[in-house]
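All values below were derived from every heavy atom in this structure, side-chain atoms included, with hydrogens, water molecules and symmetry-related copies excluded. What you see is a predicted model, and the numbers here were worked out from it, not measured in a lab. Lettering follows sequence order; numbering is per chain, from 1.
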Protein chains: 2
Amino acid sequence: MVNDPFKALSHPIRRGIVERLAAGPATVGEATAGFGVSKPAISKHLKVLEETGVVQRVVEGRTHRLSLEPDVLSVAADWMDRQRALWGRLFDVVDEYLKEEGSP
Amino acid sequence: MVNDPFKALSHPIRRGIVERLAAGPATVGEATAGFGVSKPAISKHLKVLEETGVVQRVVEGRTHRLSLEPDVLSVAADWMDRQRALWGRLFDVVDEYLKEEGSP
DNA sequence: CGGATCGTTAACCATTAGGTGAACTATAGC
DNA sequence: GCTATAGTTCACCTAATGGTTAACGATCCG
């Protein structure tokens with residue numbers, strides 16, 4: 001089970017899916033068309049995104065509706081906040097270091 | 001050759017190394033102590049970070065001095081800017097989506 | 001010189017990741 | 001009921017990751 005968002009986004013196809021879903025919810029077919037890989041491959045990428053909480057899935061008949069976060073308070077937002085916090089912290093310390101190095 | 005920063009940061013040990021170097025330059029031993037893996041393993045992680053331009057290395061006698069960016073205008077800053085741009089774009093579209101979904 | 005230290009390279013191994021085609025499940029629609 | 005469609009699961013393959021031990025290269029220091 002993957003639960004590391006860095007790892008979840010380490011593959012270009014998964015980042016592509018996230019960017020598409022960011023434009024709005026979509027079915028699996030809509031969100032993943034044109035990546036040039038087979039359906040099983042897509043299925044695996046979706047599983048990773050789902051397991052990390054990046055993507056949510058609602059089965060609607062025979063199609064699956066994917067979304068980053070239908071409820072604003074839910075998974076994706078938390079995930080993004082966690083990422084922002086992480087990267088923010090990283091940027092802060094690096095910025096400080098660069099500032100110190102820049103004018104000693 | 002790895003040149004995808006997402007991939008470079010997809011391993012916790014590599015993120016750990018970056019965070020330590022963010023506090024200032026250090027030798028390999030200083031920057032990588034306590035990760036509980038062997039030296040060859042460390043060496044490989046450093047190679048990945050170096051190849052992506054995240055970390056720079058200067059050989060000083062028998063030790064190697066690692067830094068995120070000794071010259072403010074150089075590799076790490078570019079890398080960070082690229083990351084910020086990428087994530088910024090991602091956050092923008094997702095934010096917009098959430099806003100639209102939040103009050104329709 | 002000789003030994004200790006810092007770090008890499010080489011060779012190898014196990015696991016995971018990413019891909020495939022084939023078969024399957026389930027719904028939609030005629 | 002039959003067929004097409006959406007998507008997953010299964011079994012399999014290959015390549016890349018991440019780790020190891022052993023040997024090596026280079027430098028420091030007594």
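With sequence neighbours excluded, the residues forming a salt bridge (charged side-chain N to carboxylate O under 4.0 Å, His left out) with B:R65 are B:E60, listed by chain and number. In terms of the side-chain hydrogen bond (donor to acceptor under 3.5 Å, both in side chains) criterion, residue partners of A:R57 (sequence neighbours excluded) are, by chain and number, A:E50, A:H64.
At the heavy-atom level, A:R14 lies under 4.0 Å from the strands shown only through sugar-phosphate atoms. The residue B:K47 sits apart from the nucleic acid: no heavy atom pair falls under 4.0 Å.
Comparing A:K44 and A:H64 by the nucleotide of DNA chain D whose heavy atom lies nearest to each, the residue mapping closer to the 5' end is A:H64.
Between the side chain of A:S43 and the main chain of A:P40, no donor-acceptor pair closer than 3.5 Å is present.
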Short N/O separations, protein against nucleotides 26-30 of chain D, under 3.5 angstrom:
| unit_1 | atom_1 | unit_2 | atom_2 | d |
| --- | --- | --- | --- | --- |
| D:dT27 | O2 | B:R62 | NH1 | 3.3 |

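Taking atom CD1 of B:I17 as the reference point, atom P of C:dG7 lies 12 Å away to the nearest angstrom. Atom-to-atom, CD1 of A:I42 to P of D:dT8 comes out at 10 Å; the value is rounded to the nearest Å. The NE2 atom of B:H11 sits 12 Å away from the C1' atom of C:dT15 (whole-angstrom rounding). In this entry the distance linking CG of A:L46 with C1' of C:dG19 reads 15 Å, nearest Å. Rounding to whole angstrom units, NZ of residue B:K39 and P of D:dA22 are separated by 14 Å. Across the protein-nucleic acid pair, B:K7 atom NZ and C:dT16 atom P stand 16 Å apart, rounded to whole Å. If you measure from atom CZ of A:R65 to atom C1' of D:dT8, you get 18 Å, rounded to the nearest angstrom.
The nearest pair of heavy atoms linking B:A8 to B:T52 is CB-CG2, 3.5 Å.
In the set C:dG18, C:dT8, C:dG21, C:dT8 carries the atom at the smallest distance from any side-chain atom of B:R57. The side chain of A:S43 sits closest to D:dT8 out of C:dT9, D:dT8, C:dA17.
For A:H45, a side-chain nitrogen or oxygen approaches OP1 or OP2 of C:dG19 to under 4.0 Å.
For the pair B:R14 and B:F35, the cation-pi criterion (under 6.0 Å, within 45° of the ring axis) is not fulfilled.
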